[in-house]
Amino acid sequence: MNPIVEKVYQIGIIPVIAFNSVDEALPLCKALAEGGLPAAEVTFRTACAEECIRKIHEEMPEMLLGAGTVLTCEQADRAMAAGASFIVAPGFDPEVCKHVIDKGGIMMPGTASAGEMQQAMNMGCEALKFFPAEANGGVGMLKNIGAALKGARWMCTGGVNAKNVNDYLGYDQIFAVGGTWMCKSDVIKAGDWAKITAQSKEAVDTMLGLKLMHVGINTGNEEEAMKVANLIGSLLNMKVAPGNSSIFVGSKEFEIMKKPGRGTNGHIAIACNDIARAKWHMERRGFAFEDESTASMKDGKMVAIYLKDEIGGFAIHLLQK
């Protein structure tokens, strides 16, 4: 995967912004970044778009910037010169696609049919925009097309919101979504940057779907493990189910280890919607993980990985839902 496309995937949600003035550029992007979304697709629908991209690129180089609603080769050139890392169009124009690709850029053309998608892929477009997503059949439409176009990867925009974002991101050929629900135009005009930060955090939390899966408790031997399991089961009126190396209590909310495992006291499993994406966002929050070579894999995908450090005597690991 191209590094830019991979970064888009890791961030997961790309805010789509139509700036009203250059003065909005930095405070809005700072609010998005503080909320966990260090990215923006700046639409070329407004006269200040090019200057906004340039200002953000120069003063916030950590922001991943795309230029949206790019309709011509001339606009694409201006956007890339200003600092846009990828170009997004509402439709599929072979001339613009070829121009951007020939200049070494990342082109995400808007596509709505299998024919457009196939042509764009054959031109060398690694990532496609599906637009307008909901109006064109949403995830169900892409699942039908994806069965034939196995190599297609989509960023979906148009009708994506907090309620359906995980329907889209739950399909593995959709690598990201674009949207405005965390930075609506009226909030931008009001300059309510704190609200945008809060809504961005909420969007990230919804996307990651972090959830306590189970708590593992270390014991010295099988006899001690059974004693602890029975106590917890009796306390909470939960069933006790012995396993090979541990004893589960309830619907596996508790795992009592028959001998000391990871962590001084045990381990805590946190489930998430996409483990690689959750890992990226947690690393951005300052948490370090063990080397990926130690991660548990299934069918070539990471399904579990531990943080480097314990918290309160417990090892912490992410677990794929």
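Every heavy atom of this structure was used, including side-chain atoms; hydrogens, water molecules and symmetry mates were not. In this chain, numbering begins with 1 at the start of the sequence shown.
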Hydrophobic cluster membership, [X] vs [Y], 4.5 Å side-chain cutoff:
{"X": "W193", "Y": "V16", "result": "no"}
{"X": "L71", "Y": "F19", "result": "no"}
{"X": "I17", "Y": "W181", "result": "yes"}
{"X": "L65", "Y": "W280", "result": "yes"}
{"X": "M123", "Y": "L149", "result": "no"}

Is the shortest heavy-atom distance from the side chain of [X] to the side chain of [Y] under 4.5 Å?
{"X": "V215", "Y": "F314", "value": "yes"}
{"X": "F131", "Y": "V88", "value": "no"}
{"X": "I11", "Y": "P38", "value": "yes"}
{"X": "I4", "Y": "L64", "value": "yes"}
{"X": "K103", "Y": "D77", "value": "yes"}
{"X": "F254", "Y": "V228", "value": "no"}
{"X": "T206", "Y": "N166", "value": "yes"}
{"X": "I145", "Y": "F130", "value": "no"}

Shortest non-hydrogen contact from [X] toward [Y]:
{"X": "G233", "Y": "V240", "value": "CA-CG2, 4.4 Å"}
{"X": "C156", "Y": "L142", "value": "SG-CD1, 3.5 Å"}
{"X": "P109", "Y": "A127", "value": "CD-O, 3.8 Å"}
{"X": "G209", "Y": "K321", "value": "O-NZ, 2.8 Å"}
{"X": "A133", "Y": "Y168", "value": "CB-OH, 3.5 Å"}
{"X": "R153", "Y": "E126", "value": "CB-O, 3.9 Å"}

Rounded to the nearest 0.5 Å, how far does CZ of R262 lie from CG of L307?
11.0 Å
State whether the side chain of [X] and the backbone N or O of [Y] hold a donor-acceptor pair below 3.5 Å, judged by distance alone.
{"X": "N218", "Y": "G263", "result": "yes"}
{"X": "Q75", "Y": "V70", "result": "no"}
{"X": "E253", "Y": "S251", "result": "yes"}
{"X": "R277", "Y": "L208", "result": "no"}
{"X": "E51", "Y": "V22", "result": "no"}
{"X": "D205", "Y": "L210", "result": "no"}
{"X": "N164", "Y": "V160", "result": "no"}
{"X": "T219", "Y": "M257", "result": "yes"}
{"X": "Q320", "Y": "I275", "result": "yes"}
{"X": "N221", "Y": "E224", "result": "yes"}

Verdict with reasoning, H267 to E255, per side-chain hydrogen bond (donor to acceptor under 3.5 Å, both in side chains):
CA-CA 9 Å; H267 67 275; E255 182 181 12; 3.2 Å; yes
A quick test of your reading: do over 12 heavy atoms of other residues, nucleotides or ligands sit less than 6.0 Å from CD of E116?
yes
I'd like to know whether CG of D102 has more than 12 heavy-atom contacts from other residues, nucleotides or ligands below 6.0 angstrom.
yes
Report the C-alpha separation of I106 and S85 in whole Å, then their side-chain angles, then the decisive distance to 0.1 Å, and conclude whether the side-chain contact (heavy atoms from CB on, under 4.5 Å) test is met.
CA-CA 7 Å; I106 302 297; S85 294; over 6 Å; no
Derivation of the side-chain contact (heavy atoms from CB on, under 4.5 Å) call for S245 and K258:
CA-CA 6 Å; S245 59; K258 295 180 179 180; 5.6 Å; no
Looking only at the side chains, is there a donor atom on one of D291 and S293 sitting less than 3.5 Å from an acceptor on the other?
yes
Going by side-chain contact (heavy atoms from CB on, under 4.5 Å), T197 matches just one of E34, M182, E202. Which one?
E34
Mind jotting down which residue pairs meet the side chain to side chain donor-acceptor pair (under 3.5 Å) criterion with at least one end in residues 59-73? Sequence neighbours excluded, please.
K55-E59
Tell me who clusters with M213, hydrophobic residues only, linked when side chains sit under 4.5 Å apart either directly or through other members.
L319
Can a salt bridge be assigned to the pair R54 and E50 using a cut-off of 4.0 Å between side-chain N and carboxylate O?
yes
Verify side-chain contact (heavy atoms from CB on, under 4.5 Å) between I316 and F287, making sure each step is shown before the conclusion.
CA-CA 11 Å; I316 311 291; F287 294 92; over 6 Å; no
Take I305 and E292 through the side-chain contact (heavy atoms from CB on, under 4.5 Å) test and state the conclusion after the steps.
CA-CA 7 Å; I305 189 168; E292 289 193 10; 4.2 Å; yes
What's the verdict on salt bridge (charged side-chain N to carboxylate O under 4.0 Å, His left out) for E283 and K279, showing C-alpha distance, side-chain angles and the deciding distance?
CA-CA 6 Å; E283 286 175 333; K279 177 177 177 290; 2.8 Å; yes
